[in-house]
Amino acid sequence: MSYSRRAVSITFVTALFLYFYSESVLRQSALSRLKSPKFSAETILSKLPVSIRNSARKSLELAKLKDAVKDASNDAEKVRAIVNLALAIDNNREKEKLFKEILRLPPVPESYPAFSYFLLDSRPEFTVSIKDYQKYINRCPKVSRFEIWNNGISALESKNVLPQQMKEYLAPLLNEPPPYRDYTMLYEKISDIALRSNDSAMLEKSGLMLEKASTRPPIFEEFNKKMEKAK
Amino acid sequence: MTERIFAIAELTFRKLKEPAFFLLFIFAAIAAYSMSEMEALSFQKENLIMAELLSSGTGSAPLTSFLFITCMTLLLGIFAGATDIPRDIESKMILVLVGKPIRRTEYLIGKYLGVCLMCVSFFIIAAISANVGHLIKTGQLYPFTMMFRQFLLVFSIFPFVAMTVMFSCFFADITAMIIASVYVIFSVFLSTIPLLVEMLPKSITITTYLYFIYYVCPNYLFYFLTYKIIGLVSVSLIIYSFSITVIFLMIAAMRLNSRDLLA
């Protein structure tokens with residue numbers, strides 16, 4: 001390489017280095033001003049026309065939820081983030097993909113939307129049987145179970161399952177004392193099914209449980225106690 | 001070598017004798033004088049995020065009158081920088097100039113310095129006129145730090161002229177002028193990319209591509225930020241200006257050295 005060519009190359013590389021270095025200093029200086037709340041994506045969105053604003057806000061929210069999935073530090077946090085993302089996504093394929101991912105992670109109370117989504121699914125490779133769902137409920141803390149039971153009922157109802165399958169799903173509730181008053185709703189449901197299917201034994205049992213449940217404290221009281229303890 | 005470069009620069013600078021440039025200088029002086037107390041007409045800062053960004057931070061901000069002067073100077077930079085070399089090529093004048101002992105690179109640097117000198121003179125005349133206007137209207141001179149900050153806007157001229165000169169080595173005068181103008185408009189829009197990326201969530205993966213496009217254009221926004229005149233930012237701004245200038249001039253030199261001037 002001739003002397004002049006070498007000099008040109010060195011000058012060019014030096015100029016490039018100085019360009020990137022000085023640009024990064026200037027950029028950081030400009031970006032440091034963005035820490036003020038007036039420079040946020042929300043501020044910009046509020047200034048956009050309504051027609052663009054909603055779709056832009058939706059994209060931004062999805063991106064933030066994706067960030068939360070990436071930033072999750074443990075499985076429970078990750079599941080919570082994926083669930084939030086799945087519930088925000090309109091695309092069913094994408095939603096399903098996320099729910100499948102949740103099933104691959106250790107089950108936590110927050111996983112219930114994925115479990116209920118695949119509850120008695122017609123595709124055998126993805127299906128969650130009633131027994132598996134019940135096992136999952138038993139693994140969750142008591143305060144979370146009501147929500148999961150309820151979600152399972154909604155999922156089964158949306159799939160128009162047979163009354164027998166609904167009975168099978170709710171049966172374990174009749175074998176253990178109700179922990180909270182909120183369970184009255186579930187026993188009313190059981191009574192309703194028992195009445196329609198002329199199952200007097202089930203009707204009697206659910207009536208007893210309903211009475212017991214009405215004497216129990218509501219879930220929110222338990223939450224309040226936990227919150228106070230945490231303080 | 002420097003003598004030859006300065007000779008070309010002087011030859012370019014002498015174009016100021018042309019009536020068009022002379023009229024432009026008079027216009028700049030009158031306009032800067034009139035604009036000297038027009039801060040009240042500056043853009044509505046409460047409604048523009050960009051305006052708020054430019055005016056936030058500690059230190060001195062560019063004045064509206066000096067922003068106007070800078071824009072006028074850059075306009076002159078496009079006119080002079082984009083037309084000089086193509087006209088020399090068209091009129092075969094370049095063949096006379098780049099014959100021995102003047103090399104093409106020396107000719108290019110001379111042309112560049114000449115146009116820069118014209119622009120800086122234009123800026124200084126307009127700045128003096130704005131100062132005189134301020135003195136007559138308020139009875140006071142601008143504070144030194146504020147004045148110094150305004151003169152830092154001069155550094156936007158160097159990469160700008162280098163960019164127009166670079167385009168003039170590739171295209172004919174009008175085409176170079178148009179392409180340089182479009183490139184500047186693009187650069188201004190692309191200047192907002194880092195701000196946009198900062199506000200967007202990390203998972204939006206287009207950011208890499210956006211940065212790739214961003215680095216292709218100089219960020220003129222940096223020249224208009226509010227910052228302390230003595231500090232890392234102002235030093236970086238000067239380094240930034242010169243590094244881009246060198247890059248543009250090197251690309252221009254490569255093109256001029258490989259170009260068939262008879263074609």
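Heavy atoms from other residues, nucleotides or ligands lying under 6.0 Å from NZ of K131(A) number 12 at most. Annotation for F151(B): atom CZ counts as buried by contact number, over 12 foreign heavy atoms lying within 6.0 Å. Within 6.0 Å of NZ in K135(A) there are 12 or fewer heavy atoms belonging to other residues, nucleotides or ligands. The environment of CZ in R181(A) is crowded: more than 12 heavy-atom neighbours from other residues, nucleotides or ligands sit within 6.0 Å. For CZ of R123(A), the number of neighbouring non-hydrogen atoms (other residues, nucleotides, ligands) closer than 6.0 Å is greater than 12.
Between chain A and the residues T245(B), V246(B), I239(B), the most heavy-atom pairs under 4.5 angstrom are made by I239(B). For the set V69(A), T11(A), L26(A), the count of heavy-atom pairs under 4.5 angstrom toward chain B peaks at L26(A).
At a 4.5 Å heavy-atom cutoff, S24(A) makes no contact with chain B through either its backbone or its side chain. Contacts between F17(A) and chain B at a heavy-atom distance below 4.5 Å are absent for every atom of the residue. Looking at F222(B), only its side chain comes within 4.5 Å of chain A, counting heavy atoms on both sides.
Closest approach of S22(A) to S236(B), counting heavy atoms only: CB-O, 3.4 Å.
Between F20(A) and Y215(B), the distance from one ring center to the other falls under 6.0 angstrom.
Rounding to the nearest 0.5 angstrom, the gap separating the CG atom in L232(B) from the OG atom in S29(A) is 8.5 Å. Between atom CZ of residue R27(A) and atom OH of residue Y214(B) there is a gap of 5.5 Å, rounded to the nearest 0.5 Å. Distance OG1/T14(A) to CD1/I247(B): 10.5 Å, rounded to 0.5 Å.
With sequence neighbours left out, N224(A) forms a side-chain contact (heavy atoms from CB on, under 4.5 Å) with F220(A). Taking N84(A) as the reference, nothing meets the side chain to side chain donor-acceptor pair (under 3.5 Å) condition, with sequence neighbours excluded.
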